[in-house]
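Excluded from the calculations below are hydrogen atoms, water molecules and symmetry mates; all remaining heavy atoms, backbone and side chain alike, are included.
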Amino acid sequence: MSTVIEQALQARLVASAPRQENVPATLRYDGDDPFAVRMAFPATASLEGMEVSWAFSRELLTVGVDEPAGLGDVRVRPFGYDRTVLEFHAPEGVAMVHVRTSEVRAFLDRSLGVVPVGCEHLLLDLDHDVAELLRDAC
């Protein structure tokens with residue numbers, strides 16, 4: 001049975017205009033997918049009016065609270081005192097949110113209680129994953 005942790009937090013959505021909007025967000029970690037975290041935003045926070053969820057590596061989030069990290073669709077960096085910036089790059093544009101670093105660190109600490117760093121590979125079932133990929137290919 002998988003252990004899942006979630007942490008609700010307030011994200012400050014930084015718009016191109018000189019305004020910032022607070023939106024609820026949820027960080028999620030699932031022991032069945034030990035390398036990844038997910039950050040979800042409700043439908044009210046998206047231009048399309050649909051819930052949006054981004055998946056990225058737990059390591060990216062861990063590094064990004066202390067120093068700039070990421071070169072792809074998700075980038076994370078510290079910002080001032082107790083703030084972390086997450087940038088989500090998509091074909092439609094870039095969304096930038098500020099979150100409290102202390103809340104992110106608390107979430108990461110809880111995730112380490114589920115799967116310590118360096119033990120992620122022990123939870124992978126590669127035979128099952130390959131069988132699923134081959135089954136889906138037919």
Side-chain angles (χ1 to χ4, degrees):
M1 183 171 148
S2 173
T3 301
V4 176
I5 61 167
E6 290 188 341
Q7 171 129 5
L9 44 84
Q10 284 294 311
R12 182 170 289 163
L13 182 61
V14 179
S16 57
R19 66 178 184 88
Q20 296 182 355
E21 179 182 346
N22 287 330
V23 297
T26 303
L27 280 171
R28 186 174 198 271
Y29 182 78
D30 184 343
D32 280 347
D33 192 4
F35 288 102
V37 296
R38 287 174 171 65
M39 189 168 195
F41 300 92
T44 56
S46 79
L47 296 174
E48 293 81 23
M50 298 174 59
E51 182 176 300
V52 176
S53 181
W54 286 81
F56 48 96
S57 79
R58 179 172 68 167
E59 181 181 14
L60 174 68
L61 189 59
T62 301
V63 172
V65 295
D66 292 317
E67 62 187 66
L71 298 172
D73 293 342
V74 180
R75 301 170 192 181
V76 184
R77 71 181 189 286
F79 183 80
Y81 175 74
D82 196 38
R83 292 281 180 211
T84 298
V85 175
L86 291 100
E87 293 180 15
F88 301 100
H89 295 251
E92 301 80 17
V94 177
M96 185 182 308
V97 297
H98 292 193
V99 294
R100 285 193 176 95
T101 303
S102 57
E103 291 177 342
V104 174
R105 287 187 196 281
F107 169 79
L108 289 168
D109 287 346
R110 290 175 55 215
S111 78
L112 293 175
V114 175
V115 180
V117 170
C119 296
E120 296 92 348
H121 69 284
L122 298 173
L123 298 174
L124 297 178
D125 186 350
L126 294 178
D127 291 334
H128 174 266
D129 293 342
V130 169
E132 286 293 311
L133 287 171
L134 293 174
R135 182 182 62 80
D136 290 343
C138 296

Point to revise | salt_bridge(R38, D33) N-O dist < 4.0 Å | key: yes
Review point. How close do P68 and P78 get, heavy atom to heavy atom, and via which atoms?
Key: N-CD, 3.9 Å
Study note, to complete from the structure: Closest non-hydrogen contact found for P24 with P42 is O-CD, 3.0 Å
Exercise for review: Would you check, one step at a time, whether the test side-chain contact (heavy atoms from CB on, under 4.5 Å) holds for L13 with N22?
Suggested key: CA-CA 6 Å; L13 182 61; N22 287 330; over 6 Å; no
Check your understanding: Does the side chain of Q7 reach to within under 4.5 Å of the side chain of V99, using non-hydrogen atoms?
Key -> no
Revision key, fill the gap. CG of L27 to CD of E6, rounded to nearest 0.5 Å, is 9.5 Å
Review point. Hey, what do you get for CZ (F107) to CG (L61), rounding to the nearest 0.5 Å?
Key: 7.0 Å
Point to revise | Donor-acceptor under 3.5 Å (Y29 side chain, V4 main chain) | key: no
Review point. Do R110 and L108 have side chains that get closer than 4.5 Å, going by heavy atoms?
Key: no
Point to revise | CD (Q10) with more than 12 external heavy atoms under 6.0 Å | key: yes
Practice item. Flag the pair F88 / V97 as yes when at least one side-chain heavy-atom distance between them is below 4.5 Å, and no otherwise. Key: yes
Practice item. Step by step, work out the side-chain contact (heavy atoms from CB on, under 4.5 Å) result for W54 and L86. Key: CA-CA 11 Å; W54 286 81; L86 291 100; over 6 Å; no
Practice item. Start with the C-alpha gap between L60 and V74, add the side-chain angles, then the distance that decides, and say whether side-chain contact (heavy atoms from CB on, under 4.5 Å) holds. Key: CA-CA 9 Å; L60 174 68; V74 180; 3.8 Å; yes
Check your understanding: Yes or no on side-chain contact (heavy atoms from CB on, under 4.5 Å) for V37 and S111, after CA distance, side-chain angles and deciding distance?
Key -> CA-CA 9 Å; V37 296; S111 78; 5.7 Å; no
Review point. Taking atom CZ of R100 and atom OH of Y81, what is their separation to the nearest 0.5 Å?
Key: 11.0 Å
Practice item. Kindly indicate whether the side chain of H89, heavy atoms from C-beta on, has any atom under 4.5 Å from the side chain of R75. Key: yes
Review point. When V65 is tested against each of R105, R77, R83 for side-chain contact (heavy atoms from CB on, under 4.5 Å), which residue passes?
Key: R105
Exercise for review: Report yes or no: do V14 and F79 belong to one cluster of Ile/Leu/Val/Met/Phe/Trp/Tyr joined by side chain heavy-atom distances under 4.5 Å?
Suggested key: yes
Check your understanding: Are any of the side-chain heavy atoms of V63 and V76 separated by less than 4.5 Å?
Key -> no
Review point. Given side chains that start at C-beta, do those of R12 and V23 come closer than 4.5 Å, heavy atoms only?
Key: no
Check your understanding: Would you call H98 and T84 a side-chain contact if the rule is heavy atoms closer than 4.5 Å?
Key -> no
